[in-house]
Amino acid sequence: MARKKISLIGGGQIGGVLAQLCALRELGDVVMFDIVEGLPQGKMLDIAEVGSVDNFDANLKGTNDYKDIAGSDVVIVTAGLPRKPGMSRDDLIEVNSKIMTSVAEGIKQYAPKATVIVISNPLDAMVTLCQKITGFPYNRVIGQAGVLDSARFITFIAWELGVSVKDVNAMTLGGHGDDMVPLVRYASVNGIPVMELLEQKYKSAEKAKEVMEAMVKRTRGAGGEVVALLKTGSAFYSPASSAIAMAESILKDQKRVLPTCCFLQGEFGVNGYYVGVPAVLGENGVEQILQFKLDAEEQAMMDKSVAAVKSLVDSMK
Ligand SMILES: NC(=O)c1ccc[n+]([C@@H]2O[C@H](COP(=O)([O-])OP(=O)(O)OC[C@H]3O[C@@H](n4cnc5c(N)ncnc54)[C@H](O)[C@@H]3O)[C@@H](O)[C@H]2O)c1
């Protein structure tokens, strides 16, 4: 069986970790494109030279020429500026729209069969733009936000309850902004509702609610928390790992259910916008969107998050 091909557009902080994870997991051959001369070539050479130590077989190539992404199965886009302390993701829209426009044109021309996973911020707007310019079907242009936002929520719950992160299940929906929707009702430890465990721990429903609210708040601001600490950029290990989970599900047709920024056509009452929802990811990209009923409070949060996405996306028109 021929190896799969993954192309990374953007060879910065996230791009470097993506390349290393692709190699370590032997997902396929990897091309890294960046406009800075020498940067993608240097990073890919650096990773390739420890293949014998890390025990992987993969061809790694750095390039400044879009021609090299031809034949990609999956393209992951991180090209664009990250935010600095005090900035919101939305502040990046002008500069990153210009970058995304040239990136999407390159993908359209040279990798017309690829499934594209966008990471660049502001996420919901950049995915929308990428799909518009490539003209690829909606199921093949998606965004990474929910896997990471959910993983952060899971981490805080696991720390609070003193259990393994592997046994916590939780999901966030909506846009990749401060109005994202962490779903408290479905957060569980192997099926046991987290709220029930918090009530037992604190012997008070009120205190349990307070603790959960604090975790929800921290999840919403988690990207900013890392930015404030790093000062020179934003999170990069965690978004890379999250996008790799999505890419792996597509490349290996795993059909994992991952919170994914998908184009909605009526699902969850949203029509014509990219928003984070649970999706089945397989060889055809988004193969299903799993719908379920939100309660009134969740729906109100979802509506608020979708409104923020709409106003950002509409500002690009
Ligand atoms: N979706 C998420 O969960 C999430 C999380 C964190 C960061 N991000 C976003 O991901 C993006 C990348 O973050 P990073 O930390 O890797 O940034 P970075 O600055 O380290 O890397 C960005 C790279 O893009 C390259 N680039 C700029 N213009 C380009 C172009 N026209 N074509 C190709 N490459 C180009 C730059 O040379 C640089 O190497 C940012 O927009 C950031 O906000 C998203």
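Atoms within a ligand are numbered from 1 in the order they appear, just like the ligands themselves.
Looking at Asp34 next to ligand 1, an N or O pair under 3.5 Å apart turns up. Residue Phe236 has no N or O atom closer than 3.5 Å to an N or O atom of ligand 1. Considering backbone and side-chain atoms alike, Ile14 places an N or O below 3.5 Å from some N or O of ligand 1. Considering backbone and side-chain N/O atoms, Asn121 comes within less than 3.5 Å of an N/O atom of ligand 1.
What sits closest to atom 6 (C) of ligand 1 on the protein, heavy atoms only, is Ala235 O, 3.4 Å. Summary of contacts: the protein heavy atom closest to atom 15 (O) of ligand 1 is Gln13 CB, 3.5 Å. Ranking protein heavy atoms by distance to atom 22 (C) of ligand 1, first place goes to Gly80 O, 3.3 Å. Distance from atom 34 (N) of ligand 1 to its nearest protein heavy atom, with residue and atom name: Ala79 CB, 3.4 Å. Scanning the protein for heavy atoms near atom 19 (O) of ligand 1, the closest one is Pro82 CD, 3.4 Å. Among all protein heavy atoms, the one lying closest to atom 32 (N) of ligand 1 is Ile35 CG2, 3.6 Å. Among protein heavy atoms, the minimum distance from atom 21 (O) of ligand 1 is reached at Gly12 CA, 3.2 Å.
Of the possible donor and acceptor atoms, none in the side chain of Asp34 sits under 3.5 Å from a partner among the backbone N and O of Thr63. Between the side chain of Asn169 and the backbone N or O of Asn190, no donor-acceptor pair lies under 3.5 Å. Side-chain N or O atoms of Thr219 include one that pairs as donor or acceptor with a backbone N or O of Met215 at under 3.5 Å. Side chain of Ser72 to backbone of Val75: no donor-acceptor contact under 3.5 angstrom is found. Without hydrogens or angle criteria, Arg140 side chain to Val116 main chain gives no donor-acceptor distance under 3.5 Å. Using a distance-only test at 3.5 Å, with no hydrogens or angles considered, a donor-acceptor pair links the side chain of Glu26 to the main chain of Asp57.
By the 30° and 60° cut-offs, the orientation of the rings of Phe33 relative to Tyr66 is parallel. The aromatic rings of Tyr138 and Tyr274 lie perpendicular to each other, with more than 60° between the two planes, well past the 30° mark.
The parts of Ile119 lying near ligand 1 are both backbone and side chain, judged by heavy-atom distances below 4.0 Å. Contact annotation for Leu81 and ligand 1: only backbone heavy atoms (N, CA, C, O) come within less than 4.0 Å of the ligand. Contact annotation: for Pro239 versus ligand 1, heavy atoms closer than 4.0 Å belong to the side chain alone. Residue Gln144 touches ligand 1 through backbone and side chain together, judged by heavy-atom distances below 4.0 Å.
Comparing Thr78, Val95, Val127 against atom 11 (C) of ligand 1, the shortest heavy-atom distance belongs to Thr78.
Contact atoms of ligand 1 toward Leu39: 39 (O) (distance under 4.0 Å to a heavy atom of the residue). The distance from ligand 1 to the heavy atoms of Asn96 drops below 4.0 Å at these ligand atoms: 41 (O). Close contacts between ligand 1 and Phe33 involve ligand atoms 32 (N), 33 (C) [criterion: under 4.0 Å to a heavy atom]. Within ligand 1, the atoms closer than 4.0 Å to a non-hydrogen atom of Leu148 are 3 (O), numbered from 1 in the order shown. Taking every non-hydrogen atom of Val36 and a distance limit under 4.0 Å, the qualifying atoms of ligand 1 come out as 37 (O).
Looking at heavy atoms from C-beta onward, Val275 lies in side-chain contact with Met302 at the 4.5 angstrom threshold.
When all heavy atoms of Thr78 and Gly10 are compared, the closest pair comes out as OG1-O, 3.3 Å.
Heavy atoms from other residues, nucleotides or ligands lying under 6.0 Å from CD of Gln299 number more than 12. Heavy-atom contacts from other residues, nucleotides or ligands closer than 6.0 Å to CZ of Arg83 number more than 12.
The pair Lys201-Glu160 counts as a salt bridge, with a side-chain nitrogen and a carboxylate oxygen less than 4.0 angstrom apart.
Ligand 1 lies less than 4.0 angstrom from a heavy atom belonging to Ser102.
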